[in-house]
Amino acid sequence: MGIGELDREAHVAEGTGAAAPRTLAEALRARGDEGLAALLRARPDLLNPVPNDLTQLATRAGTRGSVVRALERLDRFALQTAEALAVAPDPAPYPVLLALLTGDEGDPAIEAALPGAVALLREQALVWGEDDRLRLVRTARELLSPSPQHPSPTGLGPTVAEATSGMSPGRVQEIIGAAGLPATHDPVSAVAALTGLFTDRARMGALLDGAPPEALAVLDRLVWGPPYGEVTANPAPPVRWLRDRGLLLPVSARTMVLPREVALHLRGGRAHRAPEPVAPEVAVLREHRPQVVDGAAAGQAYTALATVEELLKSWDKGGPQVLRAGGLSVRDLRRTVAALDVTEQVAAFWLELCHGAGLLASDGEADERYAPTPAYDDWLDLPPAERWARLVTPWLASTRTSGLVGGQDAKGRALSALGPDLDRAAAPEVRHRVLGLLATLPPGAAADPETLFARLRWERPLRGAGPAAENTGSGSGPSLPDDLRSRLARWALAEAELLGLTGRGALSAPARALLNLPLAEAASPADEGGGVEESVAAERAATLLAPLLPEAVDHVLLQADLTAVAPGPLRRPLADALAVLADVESKGGATVYRFTPGSVRRALDSGLTASDLHDFLTAHSRTPVPQPLAYLVDDVARRHGHLRVGAASAYVRCDDDTVLGEILADRRSAALGLRRLAPTVLAAQADPAALLDGLRAMGYAPAAESAEGDVLVTRADAYRTPARTAPVPVPDGPPAPDATLLHAAVKAIRAGDRAATAVRREPSAPTPAGSLPRTSSAETLATVQAAAMTGSAVWIGYVNADGAASQRVIAPVRVEGGFVTGYDHTADEMRTYPLHRITGVAELADD
């Protein structure tokens, strides 16, 4: 018997074709390999570990956790279809399901969309059975069915049979009598008669025509849910009229419920007030020329690079301390806000962006502080477009959510920048989807945020709900949606604009390349994107951005008011040198630097001489060096080092004793504790650093000296953390399997199912279901030898070295030396098994 014969259906209908599946496992068994692969692709949690057979796969697909994850990934109409099935009879014919969604009047849009929704639910193993017997998996029905503790999203209540299950037979007879129905001999038929009345449109209409107007008003309040209402011990006449006829049924002494059949009649047969078979369209808010969008995005991308560089340069000597609970203190965040001149929300975003890109981390010391990482220095050496790509690529994949900073978690604890509890697993998916929806609009078109949020809520209605107690502190207006998914989308739109992925609200060409989307100006199939690796996509995005960024210049314009104007971004060596010699006064299209005595002294402290500064200014200025600037350099240089400060605690020495006398006479020097040791030497109680600062505050320009009397050259050496890796995103469930894993998993499941469903010959001693076959060593040896000679397959029980037991179907090829070698149909490969580990063997039944 060939292995293909082992895969026959166990139940065959009389006449023609296979019988309808009786279980989810049988429905899965009837699928092709592509159908199984589609299920595993849509629900990757079913692959961990790979199921042994289809029965185990079906069992795992019906577990509560797996079903909840699957329901969370349904769009609104697919979810509404599942909710309608949960309140329909089990099993439900397709026309019954259609009627629950369209109602009495019908809806062409629903009729067109319903087959796709049912196919999606079938593909994900949430629904099985043919169209005449659609079944929702039991766990999904339990989750979506109405109950007092968990009302149905449809707003429907229990059926008449469910609501009257604990009612006395006499009371049931009273109800059918008041409803105008003849008495019956048992409560089951009485409930059936009442159900038949409520589902008969003509008779039900006649019954309601005789209802008091106040009673109809009560029904109107309950019809769309919730279907439960409280009553007093002596209800009002309208409620009593409804209760007597079963239009309201008691669930407790003080609570009444509207039966499902009555509600459906009042709703015109619809399970939902507003079915949404079609996804909302994302509307265009405004349109721009694509070139304008790309230019605006490039300008913002350059600003992002400058902001990151400014932030990390300010922490070059070590940043603020790390809180004991992790993260940045509010005071340090506000200092960053002042330094960058942005809001707290934007400052938190830049901090999280640097952290996520691996450019910023804590140093891990006992007095832990934040500082740039060695990767920051490598990042600075890259061209601007590549630096931009190194920022936006990790942002897309990061689960860190800076928008939560300033709020509180569910336990009322403050959420700080760079701190714990900022990960939201849905963030990367929302960012990709927001940018993907922007890409569906015409080039240069900006989306209306309201319609964008509505589309996202339609696509994942169950995933929008975040922790109710979570206060983000972001202060959205009352008209904006406040579910988690909408807040993530709102932050993604703002952050994409800050990074230059969008310009004026529209998606830029570099962003399309980064997302592997087709470009409008693509000139060849190679430029069409799609399917390329992340690194290649980032390289393409950088290539598109590079021509749009302003070109770095190697000169400045010196002015007579002791300022220098940089007409564009400066090349790095020039920018670094000028940052030492001058202070930044203003930024914008052109950066303005100001020369001051302090900035010139800073340059001299770094080891430069006055002639070095004159040469530098002459070489890099397109205008002549103004006389006031030359005088400033010479004046500061002449006084620089005139005083010498060393460690005594500290001392001051000067060849001109008159200067030392002036210092002693100055009342501002009292805090330094100075006293004259010699005509040219003063001793101080302050340390050298404090003494230097104090004398400079008094207007002098002292220089530090070593123990040998040489002038100390002080350079601002950058402080770096040890090498750190960027934070790993928190996974949103198991990763999506690739094609190789899917193929191998389907192959293994099929092989295991063939072994599990193989028809075995009845043994002489009955074997309990699910147990391994048991035979003596002699019988095992004889059976496998016979199978090897005849080329037939046998069923064996096997226990491996770890004690794990399994059942296998093998076709023995060779039996020798205490081992049997054969083709294992379960593993779909040749294997060798020790005979002493085979618990028993049984022949497979003949065809």
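The figures that follow rest on heavy atoms only: side chains count, while hydrogens, waters and symmetry mates do not. All residue numbers refer to positions in the sequence shown, counting from 1.
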### Message
Determine whether Arg31 and Glu123 satisfy the following criterion, salt bridge (Lys or Arg N to Asp or Glu O under 4.0 Å), listing intermediate values before the conclusion.
### Response
CA-CA 10 Å; Arg31 290 191 183 191; Glu123 177 186 283; over 6 Å; no
### Query
Taking Thr399 for the side chain and Val730 for the main chain, is one N or O donor matched with an acceptor at less than 3.5 Å?
yes
#### Entry: Exam field: side chain Arg43 to backbone Ala61, donor-acceptor pair closer than 3.5 Å
yes
### Task
Check for a donor-acceptor pair, side chain of Ser66 on one end and backbone N or O of Thr63 on the other, with a separation under 3.5 Å.
no
### Task
Drop me the distance from Leu452's CG to Leu493's CG, to the nearest 0.5 angstrom.
5.5 Å
### Salt bridge present between Arg141 and Asp90 (N-O < 4.0 angstrom)
yes
## Note on the structure
Scanning both residues in full, the closest heavy-atom pair of Ser416 with Gly327 reads OG-CA, 3.8 Å
### Query
Measuring from Thr81:OG1 to Leu74:CG, what's the distance to the nearest 0.5 Å?
9.0 Å
### Query
Ignoring hydrogens and geometry, is there a side-chain-to-backbone donor-acceptor pair from Glu26 to Arg22 under 3.5 Å?
yes
### Message
Is the shortest side-chain heavy-atom distance between Thr393 and Leu514 below 4.5 Å?
### Response
yes
### Query
Does Arg270 come within less than 4.0 Å of Glu105, counting only side-chain N to carboxylate O?
no
### Query
Please walk me through it: do Asp132 and Tyr94 pass side chain to side chain contact (heavy atoms under 4.5 Å, CB included)?
CA-CA 6 Å; Asp132 59 339; Tyr94 183 88; over 6 Å; no
Output side-chain donor-acceptor pairs under 3.5 Å for residues 431-446, partner residues at least two apart or in another chain, one line each.
from, atom 1, to, atom 2, distance (Å)
Arg431, NH1, Trp395, O, 2.9
Arg431, NH1, Ser398, O, 2.4
Arg431, NH2, Arg400, O, 3.0
His432, ND1, Pro428, O, 3.0
Arg433, NE, Glu459, OE1, 2.9
Arg433, NE, Glu459, OE2, 3.1
Arg433, NH2, Glu459, OE2, 2.7
Thr440, OG1, Leu437, O, 2.5

### Query
Would you say Trp491 and Thr401 make side-chain contact, with heavy atoms under 4.5 Å?
yes
### Task
State, to 0.1 Å, how close Leu134 and Arg122 come at their nearest heavy-atom pair, and which atoms those are.
CD2-NH2, 3.2 Å
### Spacing of Ser402 atom OG and His355 atom NE2 [to the nearest 0.5 Å]
12.0 Å
### Message
Within the 3.5 Å criterion, strictly below it, is a donor on Thr102 or Asp107 matched to an acceptor on the partner's side chain?
### Response
no
### Query
Does Gln80 use its side chain to pair, donor to acceptor, with the backbone of Glu276 at less than 3.5 Å?
yes
## Note on the structure
Taking every heavy atom of Ala513 against every heavy atom of Ala537, the minimum-distance pair comes out as O-CB, 3.5 Å
### Query
Are Ile749 and Leu40 close enough, and set up right, to give a side chain to side chain contact (heavy atoms under 4.5 Å, CB included), and what steps lead you there?
CA-CA 11 Å; Ile749 294 171; Leu40 298 176; 4.2 Å; yes
### Message
What I'd like to find out is whether the side chain of Trp128 reaches to under 4.5 Å of the side chain of Leu28, using heavy atoms alone.
### Response
no
### Query
When rounded to the nearest 0.5 angstrom, what is the spacing between CG in Leu404 and CG in Leu484?
7.5 Å
### Message
I'd like to check Val405 versus Phe349 (side-chain heavy atoms, cut-off strictly below 4.5 Å). Are they in contact?
### Response
no
### Ionic contact status for Glu287 with Arg504, cut-off 4.0 Å
no
### Query
Got more than 12 heavy atoms from elsewhere within 6.0 Å of CZ, Arg390?
no
## Note on the structure
Interatomic distance, CZ@Arg138 vs CZ@Arg64, rounded to 0.5 Å, equals 11.0 Å
### Query
What are the two closest heavy atoms between Val257 and Pro158, and how far apart are they?
CG2-CD, 3.5 Å
### For Gly500 against Ala297, the heavy-atom pair lying closest together
O-CB, 3.2 Å
### Query
Is the number of heavy atoms from other residues, nucleotides or ligands within 6.0 Å of CD (Gln56) greater than 12?
yes
### Query
Looking just at side-chain N and O atoms, do Thr154 and Glu83 make a donor-acceptor pair shorter than 3.5 Å?
no
### Query
Can you check whether Asn48 reaches Pro734 side chain to side chain, under 4.5 Å on heavy atoms?
no
### Message
Under the rule for side chain to side chain donor-acceptor pair (under 3.5 Å), what residues qualify as partners of Arg73, not counting sequence neighbours?
### Response
Asp732
### Message
Run Arg69 and Asp45 through side chain to side chain contact (heavy atoms under 4.5 Å, CB included) and show every step you take.
### Response
CA-CA 9 Å; Arg69 281 190 290 269; Asp45 57 288; 3.3 Å; yes
### Query
Is it true that a side-chain atom of Gln124 and a backbone atom of Leu39 form a donor plus acceptor pair closer than 3.5 Å?
no
### Task
Assess whether side chain to side chain contact (heavy atoms under 4.5 Å, CB included) is satisfied between Arg750 and Leu36, documenting all intermediate values.
CA-CA 10 Å; Arg750 287 287 191 201; Leu36 287 181; 3.5 Å; yes
### Query
What are the two closest heavy atoms between Leu136 and Ala82, and how far apart are they?
CD2-O, 3.6 Å
### Message
If the threshold is 4.0 Å, N to carboxylate O, is there a salt bridge linking Arg455 and Glu281?
### Response
no
### Query
Are any side-chain N or O atoms of Glu352 and backbone N or O atoms of Ala417, one a donor and one an acceptor, separated by less than 3.5 Å?
no
### Query
Got a second to check how far Leu501's CG is from Leu515's CG, nearest 0.5 Å?
7.5 Å
### Query
Are more than 12 heavy atoms from other residues, nucleotides or ligands located less than 6.0 Å from atom CD of Glu111?
yes
#### Entry: Any donor-acceptor pair under 3.5 Å from Glu162 side chain to Thr159 backbone
yes
